[in-house]
Amino acid sequence: MNRAPVQTADRPLVSRNPADPDDIVVELHGCGPDTVTGAVDRASRARTEWLAAGAGARSAALRRAGDAVEAASEELAGLLVREVGKPLTEARGELARTAAIWRYYAQHPYDATGAVHEPASGAGLLLTRRRPHGVAGLITPWNFPLAIPSWKAAPALAAGNAVVLKPAPEATACALRLAEVLGQALPADLLRVVPGGADVGARLVGVADVVSFTGSTAVGAAVARAAVARGVPVQAEMGGHNAAVVLPDADPERAAADIAVAIAGYAGQKCTATRRVIAVGGALPPLREALAEALRELPARAPHAADTVCGPVISQAALDRVAGARDGALRSGARALAGAGARRPGPATGWYTDPVLLENVPADHELHRHETFGPLAVLSGAADLDDAVRAANSTPYGLVTSLHTGDLDVALGVLDRLTTGMLRVNAPTTGVDFHLPFGGEKESGIGMREQGRAAMDFYTSSRTISLLPAVSA
């Protein structure tokens, strides 16, 4: 690697290949809290010139950033496969999206930053104007280590902020290499990376001017409390326990194919993955058979193979969590339709588990309310659509729901009854459009939405200005 914009201290940090844990991808000394403050100070100084350079300079730099990502896409895709176990096809998809995100936000510096209004009475003008906050502190997870930092950083920079990024330790190499690539297009020090653990994240929340977090619900809530206590704008995208609702008129084969990919894709390690499948009435028998068969055709495989859908999970702890959830449900009376003998090879051969589909899970079991963050889902029936809506809404989370039906009128009639931030009809729960708002309800999200125009609003604050004529002497 070339030198990345990273500050280091005395805290060892190791990232391993999930497909071969003996392969250490990166080992370095992570930052201490004091170095985070230095990174924010340097980014703040760089921001002064960045903002003064104007919309044209910011737009051109972000466009060059997209070009730089595209030029390095095969190398970066290989790094995604190696460091976080992302299947190669998905890794290439993430790179394509990452480049597109930078190019999309390259248009936004030219957007209007306010409006002009006529006063209610008398002469003068009333103006509104949006201005950047300063330094954006970004705390990002390991599962989309290029796209998520990009969909946070690109709008922040487009608006005139600087960025300090604290990546998940499991994705340290991806963050450092992304920063190097972006550094070919951006001014020095404008985007800084501070690897480390929870203390580094806490310090960043304590000194940044605006905070964007993606990760677990517990940590996100703590981040939001700390930022609010300082009076700092904050957004937190957190967990999901997403349902797929299948109506009797849906094509069971098509629904099963979409749902299977949403359960098994990237070993279920997406906040938008399907965790619960709710079949209404007569939809249950054909869906049960079709979905079990679809999942059996997506076993865990090496992530570098072009046809792999389900690769390894991120760690031994993640592997144990999936196996423990499966085995606990089976002991409580559940039945495994797929993944009953999910493989658990030793660490030398990678952290793999086949997709698991469980049925007859007791109604009070935790799997109905909380996610495992792995390739495991629960299938259950509902007497009618009202029953299915109640079941879909029954968790503390509200990120995304998919609805599978052949009747558009039914779909339109039920959408507003589902308490999730995103709804997908006849499509997997997974998959997002970066030019539209992204986020959830209830414990899935705090603060303003990410992506699209909503991101530009989050990374700026609105000012109201009154311009009145001077009074003649």
Judged by atom type as modelled, is there a donor-acceptor pair below 3.5 Å linking the side chain of R230 to the main-chain atoms of V205?
yes

With sequence neighbours left out, what residues match R82 under salt bridge (charged side-chain N to carboxylate O under 4.0 Å, His left out)?
D23

Side chain to side chain donor-acceptor pair (under 3.5 Å) for R369 and S394? Distances and angles first, verdict last.
CA-CA 7 Å; R369 290 181 56 79; S394 65; 5.8 Å; no

Test of understanding: with salt bridge (charged side-chain N to carboxylate O under 4.0 Å, His left out), list the residues that count as partners of K442, not counting sequence neighbours.
none

Verdict with supporting geometry, R453 and D111, salt bridge (Lys or Arg N to Asp or Glu O under 4.0 Å):
CA-CA 10 Å; R453 178 70 212 187; D111 283 358; 3.1 Å; yes

Lys/Arg N to Asp/Glu carboxylate O, E371 vs K270, below 4.0 Å:
no

Treating E27 as the side-chain partner and L13 as the backbone partner, does any N or O pair qualify as donor plus acceptor under 3.5 Å?
no

Supply the atom-to-atom distance L178 CG to L165 CG, rounded to the nearest 0.5 angstrom.
7.5 Å

Between E83 and S15, does a side chain to side chain donor-acceptor pair (under 3.5 Å) hold up when you go through it step by step?
CA-CA 7 Å; E83 186 170 37; S15 175; 2.6 Å; yes

Quick test of your reading of the model: are E74 and R92 salt-bridged, counting only N-O distances below 4.0 Å?
yes

To the nearest 0.5 Å, tell me how far N161 CG sits from R58 CZ.
9.5 Å

Point-to-point distance, once rounded to the nearest 0.5 Å, from OG1 of T401 to CG of L415
10.0 Å

The reported gap from OH in Y266 to NZ in K86 (rounded to nearest 0.5 angstrom) is 5.0 Å

For Q269 and P312 the tightest heavy-atom approach is NE2-O, 3.4 Å

Restricting to ring pair (Phe, Tyr, Trp, His ring centres under 6.0 Å), what partner residues turn up for F213, sequence neighbours left out?
none

Can you find a side-chain donor-acceptor pair between Q316 and D320 that sits under 3.5 Å?
yes

Is there a donor-acceptor pair under 3.5 Å between the side chain of N393 and the backbone N or O of R417?
yes

So, are R301 and D307 salt-bridged, with charged N and O less than 4.0 Å apart?
yes

Correct closest heavy-atom pair for T172 and P169 would be OG1-O, 2.7 Å

Would the distance check show the side chain of T89 and the main-chain N or O of A306 forming a donor-acceptor pair, the cut-off being under 3.5 Å?
yes

Hey, what do you get for CG (L182) to CD (Q184), rounding to the nearest 0.5 Å?
8.5 Å

May I ask you to check whether N242 and T274 show a side-chain donor-acceptor distance below 3.5 Å?
no

Sequence neighbours excluded, which residues qualify as side chain to side chain contact (heavy atoms under 4.5 Å, CB included) partners of I465?
L127, R129, L467

Residues forming a side chain to side chain contact (heavy atoms under 4.5 Å, CB included) with E75, sequence neighbours excluded
A72, R177

My understanding is that only residues two or more places apart in sequence, or in another chain, count here; which of them pass salt bridge (charged side-chain N to carboxylate O under 4.0 Å, His left out) with K166?
none

Any side-chain heavy-atom pair from V25 and R16 closer than 4.5 angstrom?
no

Checking the side chain of T308 only, and the main-chain atoms of G311 only, is there a donor and an acceptor separated by less than 3.5 Å?
no

Hey, is the main chain of G440 close enough, under 3.5 Å, to the side chain of R449 for a donor-acceptor pair?
yes

Flag, side chain of H368 to backbone of P362, donor-acceptor distance under 3.5 Å
yes

Can you tell me how far apart CG (L76) and SG (C174) are? Round to the nearest 0.5 Å.
8.0 Å

Can any side-chain N or O of T35 pair as donor or acceptor with the backbone N or O of C31 at less than 3.5 Å?
no

Under 3.5 Å donor-acceptor pairs involving side-chain atoms of residues 48-57, not counting sequence neighbours:
unit_1: W50; atom_1: NE1; unit_2: L157; atom_2: O; d: 2.9

Y459 side chain near D209 side chain, heavy-atom distance below 4.5 Å:
no

For R103, all residues meeting salt bridge (charged side-chain N to carboxylate O under 4.0 Å, His left out), sequence neighbours excluded:
D67, E70

Contacts of Y397 meeting ring pair (Phe, Tyr, Trp, His ring centres under 6.0 Å) (sequence neighbours excluded), chain-then-number -> H370

Mind checking what makes side chain to side chain contact (heavy atoms under 4.5 Å, CB included) contact with D258, not counting sequence neighbours?
R254, H404, P428

No-hydrogen, no-angle side-chain donor-acceptor test under 3.5 Å, R424 and T429
no

Would you say the side chain of Y105 lies within less than 4.5 Å of the side chain of H435, judging by non-hydrogen atoms?
no

Is a side-chain donor or acceptor of R275 paired with a backbone partner of L376 at a separation under 3.5 angstrom?
no

Give every donor-acceptor pair under 3.5 Å between a side-chain atom in residues 144-151 and any protein atom, sequence neighbours left out.
unit_1: S150; atom_1: OG; unit_2: W102; atom_2: NE1; d: 2.9
unit_1: S150; atom_1: OG; unit_2: L146; atom_2: O; d: 2.8
unit_1: W151; atom_1: NE1; unit_2: E450; atom_2: OE1; d: 3.3

Any N17 side-chain heavy atom under 4.5 Å of D22 side chain
no

Hydrogens and angles aside, do Q235 and S212 bring a side-chain donor and acceptor to less than 3.5 Å of each other?
yes

Can you list everything that forms a ring pair (Phe, Tyr, Trp, His ring centres under 6.0 Å) with H365? Sequence neighbours excluded, please.
none

Mark yes when over 12 heavy atoms from residues, nucleotides or ligands other than R463 sit less than 6.0 Å from its CZ; otherwise mark no.
no

Salt-bridged, R47 to D189, with N to O below 4.0 Å?
no

